[in-house]
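What follows is a short report on a single structure.
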Amino acid sequence: MFDSISAFRIIKTGFVNFWRNSWLSAAATMVMTITLVIFSVLFLMFAITNYSISTIKNTVDISVYFKTGLGEDQIMNIKKDFDSNSKIKEISYTSSQQAFDQFKEAHKNDPLITQSLNELTENPLPATFNVKAYQLDDYPGIAQQFQDPKYQDYISKVNFEDNRPVIERLGKILKFIVTFGIGLIIVFSLIAILVIFNTITLTIYNRKEEVEIMRLVGATNWYIRGPFLTESLLYSVFSTIIAGLLFYPVFTKVLPKVALFVNPQVTLFNQNVFNFWYLLFMMLAVSVILAVFSTLLAIRKYLKI
Amino acid sequence: MIKFEKVTKHYSKNKALDDVNLEIHHGEFISLVGLSGAGKSTLMKLIIGEEQIDGGKILIDDIDISQVRKSDLPYLRRKIGVIFQDMKLLPRRTAYENVAFAMEVCGHRKDKITDDVPKILELVGLLHKKDNFPHEMSGGEKQRVAIARALAHRPVLLLADEPTGNLDEVNANEVLDLLLKINHLGTTVILATHAADLVNRIKKRVITIENGKITMEQEKGKYKL
């Protein structure tokens with residue numbers, strides 16, 4: 001669309017406009033920065049809550065303990081009863097021997113336990129099922145089915161830690177973050193759009209004569225529009241840089257601690273939404289969309305070409 | 001070069017131009033005379049595509065300008081220089097910068113600009129004032145800067161809309177002399193004016209417009225209403 005000289009002149013004019021209206025530019029950049037900060041905070045809160053829920057969801061399961069002295073075929077018959085259950089995702093079976101071996105392996109460095117194990121004449125550990133369901137809400141029902149009287153001769157204990165209240169609470173928080181967050185983001189995006197719209201409109205008025213002359217001497221339409229777009233893109237770049245500087249410590253200092261709190265097995269969230277550069281890119285994308293949208297609106301309304 | 005075929009233009013219910021037929025040839029100097037509001041400015045705005053016609057056809061070198069895409073209009077405007085009564089100079093730029101601006105916005109290289117602008121300013125007799133700002137110049141000088149700017153693209157056609165309207169007799173004559181010189185160098189000039197004494201001096205083709213209609217055409221004419 002442009003040769004390099006025109007592109008250079010457009011960008012230069014955009015910078016000059018940005019600089020000449022420095023107070024207006026600062027205001028537009030600030031509002032954009034605030035919008036980005038709110039966006040990022042909500043985005044991170046959403047991602048952390050979401051991540052917590054999925055972490056906790058993964059820890060939910062039903063442990064079914066069998067009585068000792070059962071034959072493997074009897075246990076497998078019970079498993080068959082549940083294999084056809086479409087709500088169950090997985091039943092993993094641990095035989096008492098496997099449980100014993102695992103226990104031994106886990107405590108091999110503990111001479112006291114090793115010694116007492118060696119003194120045992122029979123395996124005290126029961127065979128177990130570890131049951132995972134597809135849906136969180138199906139766990140109580142499935143636990144209930146294992147407690148059916150027809151299994152009471154075989155099953156000694158059904159252990160189900162009901163994490164649902166925690167998950168429900170997190171779910172509510174998530175819903176709140178989403179509703180409240182979307183509302184807040186819309187309000188601030190509108191404010192940012194209005195402020196940028198007004199700033200660009202003022203620039204258009206300031207440069208009315210220049211624009212008229214440009215048109216008369218045959219400047220192309222995009223040559224005339226270009227500087228206004230450049231100016232608003234500068235707001236996005238600067239606001240992304242400022243918001244990025246504010247969030248960098250959050251990523252290096254705060255997030256690792258939060259990750260450790262949510263899931264002690266990890267020291268950092270292993271999802272790319274928690275990557276600083278990913279967030280920076282998102283901020284840039286959001287601010288560019290807002291800036292370009294409001295500038296095109298102002299150009300359409302006030303720049304007569 | 002320019003051909004108006006039954007051109008009509010309305011502004012709401014007023015007819016600014018009504019069934020105008022006109023042909024202008026390369027190298028001509030046309031004086032377009034008529035009272036204010038007769039349709040002179042409208043006719044010029046139609047030529048540069050700033051206004052759209054409501055009926056008829058305008059051909060510039062056989063191109064129907066109502067068919068020219070909006071994005072291509074700038075390229076048409078580079079072939080046509082325009083000057084106005086109010087000059088439209090940028091107040092915070094010098095004479096040199098005002099002329100250079102026209103070349104910059106159309107993507108000319110810097111070396112071409114530094115080469116061309118002094119030559120154009122010399123042509124209009126203002127090279128010695130190249131570093132002066134518009135407020136440091138007389139009305140006639142400012143209009144000559146505007147002419148220099150209009151000439152920056154070496155247009156084939158120069159439209160002058162009441163260029164002497166704000167000038168005293170001496171300055172007006174200077175501007176007219178310059179327009180005649182430019183015409184002599186090969187550029188077609190259309191001068192819209194209601195300054196009778198200027199038109200009588202030119203002794204070239206005169207077209208009179210009244211209430212949006214061409215009422216008189218004279219070769220080597222005089223100002224008559």
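Protein chains get the first letters and strands the later ones, always in sequence-line order, with residue 1 at the start of each.
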Could you tell me whether a side-chain N or O of B:R77 sits under 3.5 Å from a main-chain N or O of A:L216, the two making a donor and an acceptor?
-> no
Please say whether more than 12 non-hydrogen atoms of neighbouring residues, nucleotides or ligands are located less than 6.0 Å from CE in A:M30.
-> no
Contact class of B:L90 relative to chain A, heavy atoms under 4.5 angstrom = both
Measure distances from B:K79 to the heavy atoms of chain A and classify the residue's part below 4.5 Å as side chain, backbone, both or neither.
-> neither
If you take all heavy atoms of A:S6 and B:G107, which pair is closest and at what distance?
-> OG-CA, 3.6 Å
Around atom NE2 of B:H184, are there more than 12 heavy atoms of other residues, nucleotides or ligands at under 6.0 Å?
-> no
Between A:I5 and B:R109, the two heavy atoms sitting closest are CD1-CG, 3.4 Å
Heavy-atom contact with chain A under 4.5 Å, split by part of B:P155 = neither
For A:T220 against B:Y75, the heavy-atom pair lying closest together = CG2-OH, 3.2 Å
With A:K253 via side chain to side chain contact (heavy atoms under 4.5 Å, CB included) - residues at least two apart | none
Could you grab the distance from atom CD of B:E104 to atom OH of A:Y223, nearest 0.5 Å is fine?
-> 6.5 Å
Hey, is the main chain of A:V217 close enough, under 3.5 Å, to the side chain of B:R78 for a donor-acceptor pair?
-> no
Between A:E212 and B:K88, is the closest basic N to carboxylate O distance under 4.0 Å?
-> yes
Under 6.0 Å from the CG atom of B:D62, do we count more than 12 heavy atoms belonging to anything else shown?
-> no
Of the backbone (N, CA, C, O) and the side chain (C-beta and beyond), which part of B:L76 lies under 4.5 Å from a heavy atom of chain A, both, or neither?
-> neither
All heavy atoms of B:C106 vs all of A:G218, minimum pair found to be SG-O, 3.5 Å
Among all residues two or more places apart in sequence or in another chain, which pass the side chain to side chain contact (heavy atoms under 4.5 Å, CB included) test with A:T201?
-> A:F197, A:Y205, A:A298, A:Y302
Counting only heavy atoms not in B:Y11, do more than 12 sit closer than 6.0 Å to its OH atom?
-> yes
Residues B:R93, A:E210: salt bridge by 4.0 Å N-O rule = yes
Residues, nucleotides or ligands: over 12 heavy atoms within 6.0 Å of A:F293 CZ = no
